[in-house]
Amino acid sequence: MKAKAMRFLKLLGNRLLGILRAIAGFIMKLWRHPKGRVGLIVVTLLVVCAIFAPLIAPYDPYDVTQRAAKGLSPSWSHLLGTTITTGQDIFSMLIYGTRVSLIVGLVTGISIAFLGAIMGVIAGYVGGAADTAIMRTVDVMLVIPTLPLTIVLTNLFGKSYLMIIFIFVLFGWTGLARVIRSLVLVLKNANYVRAAELAGASRGHIMFRHILPGVSHLLIMNTALTCAGVMIAEAGLSFLGLGDPTAISWGKMLAEAQGGGALLFGHWWWIIAPGIGIFLAVFSFMRIGLVMEEILNPRMKQSSSIYKIFKNLNNTYMEEVFASMDENAKLGLTLKAGEES
Amino acid sequence: MKKSYLIKRIIYAFFIFLIVMTLNFFIPRIGVVDPAERYYPPQGNMTEIEYEIIKQFTREQYGFDVSNFQQYLNYVSGLFQGDLGTSFRSGNPKVSQLIGERLPWTLVLSVTNLLISLFIGLIIGTIAAWKRGRWQDTTLLNLSTISMALPAFFIALILSFYFGFELEWFPAYTNPNMVAQFDWSWEAIRVVMYNAALPIVSMSIGGIIGYGQGTRNAVIAVTNEDFILTARAKGLSRNQVIFKHTLRNAMLPIVTSLGMSISGLIGGAVIIEQIFNWNGMGTLFLEANNTNDYPLMMGIMLFMSAFAIVANLVTELFYSLLDPRVTVGERR
Amino acid sequence: MSDLMLKLRNLKVVFPAGEGVIRAVEGIDLDIAKGECVALVGESGCGKSVTSLAIMKLLNSPPALVRVDELKLDDEELKDYSDGKMQELRGQQLSMIFQDAMTALNPVMTIGRQIDEIYIRHNNLSRKEARKLTVKALDLVGVPEAKSRANSFPHQLSGGMRQRVLIAMAFACMPKLIIADEPTTALDVTIQAQVLNVLSDMQKKHNVSLLLITHDLSVVANMADTIYVMYAGKIVEKAIKRDLFLKPRHPYTEGLLGSVPRLSDEHHHFIQIPDAVPHPMFKPTGCYFHPRCSYCTDKCKESMPPLAKDVGGREYRCWHPLNLGGGAKDGK
Amino acid sequence: MANDKTREPIMVLENLSVDFPVKGALPFQKRKLIQAVTDVSLTIASGETFGIVGESGCGKSTIANAMVGMVKPTGGKVIFKGKDLFSLPREEFKELRRDMQMIFQDPFSSLNPRFNVYQIISEPMFIRGGSTPDEMKARVIELLKLVGLSEKDLYRHPSDFSGGQRQRIGIARAIILNPDFLICDEPVSALDVSVHAQILNLLMELQEQLKMTYVFISHNLAVVKNLCDQMIVMYLGKVMESGATKAIYANPLHPYTNALLTAVLDIDIDNQRERVLLEGDIPSPIDPPKGCRFYQRCPFAMAGCKHVAAPLVEVEPNHFVSCHKINGFPADSDSAENRTPLRADDGQV
């Protein structure tokens with residue numbers, strides 16, 4: 001029994017190592033793709049901003065003593081000016097806002113990937129009653145309006161980002177689970193899985209060696225796209241004032257700008273700044289997700305790139321190709337035009 | 001086959017409704033010790049006994065004085081008589097009445113938005129697919145990644161800032177008298193259109209590009225199918241191939257996403273309504289949230305869910321009309 | 001006026017790909033006489049399907065690049081025809097039967113309407129008149145209860161019936177030339193026999209020229225008059241059926257014939273060709289077949305043999321042809 | 001390869017039936033059954049090649065799946081090496097099943113695209129456990145050479161190979177555990193014509209070397225004739241004719257076998273036989289006819305064929321046929337009415 005447990009642990013360790021290696025491989029692939037590289041660079045920048053926010057931001061937006069005159073326009077001391085209501089430095093707020101967006105986005109994205117994968121694999125691989133139960137749950141989840149329910153739950157249990165993450169995860173896994181389930185159904189019936197079953201493979205073996213690696217690519221891609229989607233949703237909730245009231249987030253900055261008269265006084269930078277923050281974060285994650293889709297789905301890549309190849313065709317080279325296929329050219333009898341008999 | 005399929009879908013939709021209804025009843029009761037306390041928070045100038053009396057009065061008034069199970073039965077029987085509950089707000093209006101007042105205003109926004117998005121999206125999507133690989137297509141692709149990363153409420157803020165405050169072409173806030181004064185005269189309709197312009201535009205930018213990209217992908221996927229080659233080998237003209245063979249098949253995935261849009265028609269405009277101060281379901285819900293008006297909140301939630309269920313059902317049946325294969329192998 | 005229905009000279013098709021070019025078809029000539037059934041035989045990736053699409057001018061560019069010196073249908077030069085002119089020709093004078101009837105038929109349209117379209121397009125008929133002809137055409141290819149079957153969708157028919165529908169479609173306007181691309185590959189043995197019978201009957205009765213594209217030599221043995229054998233984008237042998245089956249000149253033909261198991265065989269070992277078809281992007285030097293050829297010499301490795309012409313229209317592309325009579329290598 | 005009847009049977013099917021329920025559209029509707037395989041009995045002797053022939057929907061793949069325990073039969077027994085496969089405890093079942101392997105039709109879906117050749121071929125060994133990586137590697141290289149690939153291919157991925165080479169990899173994987181029972185499910189039908197002979201020859205050589213029993217499933221009658229010692233002809237889940245291959249090809253008794261044989265196109269242009277063309281389509285296996293499954297398409301069908309099922313009767317030694325025309329109706333249903341031909345001479349029903 002102990003040996004079996006050891007073997008299982010070893011297997012699990014190997015799998016985890018394999019997953020890490022796969023992720024590293026992906027990052028390399030992304031880096032090699034021009035669009036993916038842009039996404040990677042921006043995400044890295046955002047992560048740096050989030051971690052080293054106190055070092056990068058010129059002021060601490062939480063510190064009441066550092067607040068300047070209210071409603072300053074952008075200048076060298078206040079890159080993006082200050083807020084009309086409290087006199088906080090907008091640039092510093094922007095830097096600090098990265099934290100909420102990234103944390104909510106990443107934590108939710110990864111949790112959804114886990115939950116969605118587990119549910120999808122169970123529904124697809126185990127099937128039967130488990131499948132029915134999960135798919136019925138998905139159907140119910142799909143008709144409940146998410147935003148209103150989030151508002152109700154924050155009203156009941158208080159406003160916090162933990163709550164928001166919880167609700168996002170609770171509702172976010174359904175779509176992923178569906179996709180994973182249908183992929184698992186395909187993989188499960190693949191002949192190589194049947195061959196492994198014939199050789200006496202256990203369910204664990206099939207799961208870890210065939211099914212999970214088969215869906216892992218989809219998972220990684222989906223995580224990136226979910227992160228992007230969650231960041232937008234988080235900004236919306238914060239905008240409605242449903243986020244943690246003490247934290248600085250881009251959505252809340254927008255709400256403050258709207259409520260604080262940025263529109264009225266023409267302080268456009270106060271609106272644009274958090275908007276650009278949201279845009280950059282979402283855009284870079286989405287880019288990564290889309291590039292991954294392109295890498296994973298070679299057919300799609302081919303169809304889009306074939307036109308580029310076509311545009312850049314070297315005409316003289318193509319003429320040579322055509323000429324090389326002529327009957328005479330292959331014979332080595334190079335005839336000049338007009339010399340044919 | 002067709003009829004039994006219909007019956008099966010309806011039974012299933014009803015089953016989903018029962019679950020949602022039950023959840024809807026229990027969600028506000030999780031973690032809340034006494035609903036009356038929520039409704040009527042303790043106030044400093046009140047003695048304990050006075051507060052207790054008021055709470056008891058509240059309980060009786062809103063039917064919290066019986067057991068949870070009895071409350072559930074009352075709730076269900078009320079529902080099937082079309083009663084979504086009674087709001088906490090003064091005058092105790094019926095939830096259904098409040099919804100009835102606000103719903104048309106939300107639909108003005110969201111239905112117009114959906115129609116615009118779908119119509120323009122279909123056109124530019126088809127063009128992009130047609131001009132595949134050329135600038136029309138690449139522009140759409142780039143726009144779609146950009147627009148997906150721009151939240152609609154940010155676009156709304158920019159629009160309201162520029163066209164509302166700077167240029168003053170359109171109202172940045174809805175005229176609160178608009179609703180009360182609406183009398184179906186041309187002038188009133190013009191006022192509504194004028195006020196609705198900015199919200200609708202800010203919502204439909206993303207919608208147009210989303211539907212455009214979706215259409216483009218669907219059309220291209222169908223173009224690669226063998227039967228398009230057959231149609232061309234029959235000598236059909238380009239237009240015949242596109243309109244008779246390609247678009248009809250490309251509509252299938254679009255109908256699916258259309259169904260999702262329809263089920264979100266009511267709840268999808270909360271933030272936009274809030275920005276433009278538009279008196280629709282979204283603002284009604286936020287008002288209810290601010291006053292802890294649970295019956296109203298849950299009533300709206302249930303209404304939205306039921307709407308989504310019906311929308312899904314209709315989409316599914318519509319899909320089965322478009323695709324004759326559905327009744328054989330069920331679409332999932 | 002020649003008695004040639006199709007005269008194809010020096011057809012080349014190239015697909016640009018990521019790291020190079022795929023030379024799908026490398027300058028082939030093809031003659032089809034009136035009322036004749038010509039078979040183009042080859043394995044997957046040899047360019048036979050590309051050839052058929054090139055004759056129909058159905059290859060999309062991008063991605064394909066097509067060059068052709070002559071493409072004459074009944075002395076009509078199609079080489080420079082515009083798309084619009086080709087559309088009128090296709091279905092009326094030139095039509096095609098595709099391999100997989102399941103994907104070649106539009107799944108959301110009744111088969112009747114899919115055939116009606118041809119008559120409406122080419123004969124300017126009303127829908128009602130077209131339907132009459134459709135029912136007749138379906139009847140002709142042996143679809144039972146054609147009138148009611150015309151209203152069914154492709155998925156409601158069996159594979160054999162679907163293939164018949166495709167045949168009815170191809171013969172709808174009694175074209176001059178029909179190209180059948182693997183018309184029976186996806187079918188069961190007994191159904192295959194039925195469908196081939198229908199195809200061959202129709203061809204003979206209406207004296208239509210037929211270009212049969214297939215990898216199955218047994219189908220060829222039953223249907224074709226003249227046979228072209230294609231390998232890696234080149235014609236390697238052309239002969240009338242008898243000559244080809246009894247005295248193949250090219251080692252590839254010989255190997256192909258030998259490797260097909262026969263019912264009359266008694267031995268338990270099949271003659272085999274080693275290796276596999278080369279990748280279309282990386283073809284070998286010299287004769288494309290040399291790595292798999294048991295008669296290969298240094299000459300074969302260095303240069304591509306020319307297409308030698310023989311009496312009776314026989315052509316072969318080999319430095320060391322077989323069965324010439326008296327040769328040392330004969331009948332090995 | 002010899003047809004030695006004294007050899008012990010390795011696989012016996014006793015009245016095997018496999019039904020698949022089809023869900024009705026409504027939950028309370030009566031469930032329909034796909035009768036994939038009905039009442040099939042056969043005995044496969046050790047060392048022979050046993051052919052299963054039939055068109056799509058005849059249940060040949062279901063039989064294969066039932067033999068290896070992938071599909072649970074609704075009736076009857078699968079007896080492998082004297083043990084009833086489905087009454088064994090789980091561990092023993094798994095152990096026994098290692099002696100059977102399968103070669104799949106489509107070499108593109110039967111190899112995991114994420115694995116390299118070494119991982120694919122060694123997987124059964126890896127699953128069984130107990131071998132060091134070096135042992136596994138040595139064994140894989142040995143097998144690669146046996147199936148005509150080289151050591152260089154060890155770390156390449158399936159996408160680098162042609163269809164024929166992939167099938168060789170599949171064969172190597174199937175024989176790595178030294179099975180004595182190998183099911184070849186249409187092993188060449190997805191391959192290029194010029195590669196068919198390579199794979200078939202390889203399979204025959206391996207059989208000779210490794211003394212395996214083959215079940216060869218095919219729709220290509222010419223291949224079956226050349227490869228198989230014993231065979232059954234199936235139609236809609238039932239055995240129409242069974243016996244020694246030679247006897248069946250020399251003297252096809254069942255109208256279906258006859259039609260099937262004549263429908264086969266042969267490349268022998270001097271020796272084209274007259275074809276018997278069957279009318280109509282293969283009916284759906286959902287709720288098949290109660291009587292003879294073939295009566296709808298049979299040119300000799302009699303009125304009784306519709307209601308009375310034909311038993312499989314031994315007509316000559318080791319040659320069984322299930323047909324009323326050959327065997328006559330059973331005594332209890334033998335009447336002039338039943339014997340009236342269903343079809344007039346013009347072929348109309």
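Chain letters run A, B, ... following the sequence lines, proteins first, then strands; residues in each count from 1. Source: prediction; values computed, not measured.
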Quiz item: Hey, mind stepping through C/Q114 and B/T230 against side-chain contact (heavy atoms from CB on, under 4.5 Å) and telling me if it holds?
Solution: CA-CA 10 Å; C/Q114 296 188 48; B/T230 315; 5.9 Å; no
So which atom in [X] and which in [Y] form the shortest heavy-atom distance, rounded to 0.1 Å?
X	Y	value
B/L236	C/R121	CA-NE, 4.0 Å
C/M96	B/A233	CB-CB, 4.3 Å
B/R238	C/Q87	N-NE2, 3.6 Å

Self-check item: Euclidean distance, C/L53 CG relative to B/R232 CZ, rounded to 0.5 Å
Solution: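 Between B/R232 CZ and C/L53 CG, I get 9.0 Å after rounding to 0.5 Å.
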Self-check item: Interface residues of residues 100-113 of chain C facing chain B - non-hydrogen atoms under 4.5 Å apart
Solution: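 Within residues 100-113 of chain C, the residues that come under 4.5 Å of chain B (heavy atoms only) are C/T103, C/A104, C/L105, C/N106, C/P107, C/V108, C/M109.
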So for [X], is it side chain, backbone, both, or neither that comes closer than 4.5 Å to the heavy atoms of chain B?
X	answer
C/L94	backbone
C/Q92	neither
C/N60	side chain

Quiz item: Relative to chain C, which segment of B/I228 carries a heavy atom at a distance below 4.5 Å: side chain, backbone, both, or neither?
Solution: neither
Quiz item: Is the number of heavy atoms from other residues, nucleotides or ligands under 6.0 Å of C/K79 NZ greater than 12?
Solution: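 Enclosed: over 12 neighbouring heavy atoms sit under 6.0 Å from NZ of C/K79.
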Quiz prompt | Heavy-atom side-chain proximity of B/D226 to C/F98 below 4.5 angstrom | solution = no
Quiz item: What residues, two or more places apart in sequence or in another chain, satisfy ring pair (Phe, Tyr, Trp, His ring centres under 6.0 Å) together with B/Y211?
Solution: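 So B/Y211 forms no ring pair (Phe, Tyr, Trp, His ring centres under 6.0 Å) with any residue.
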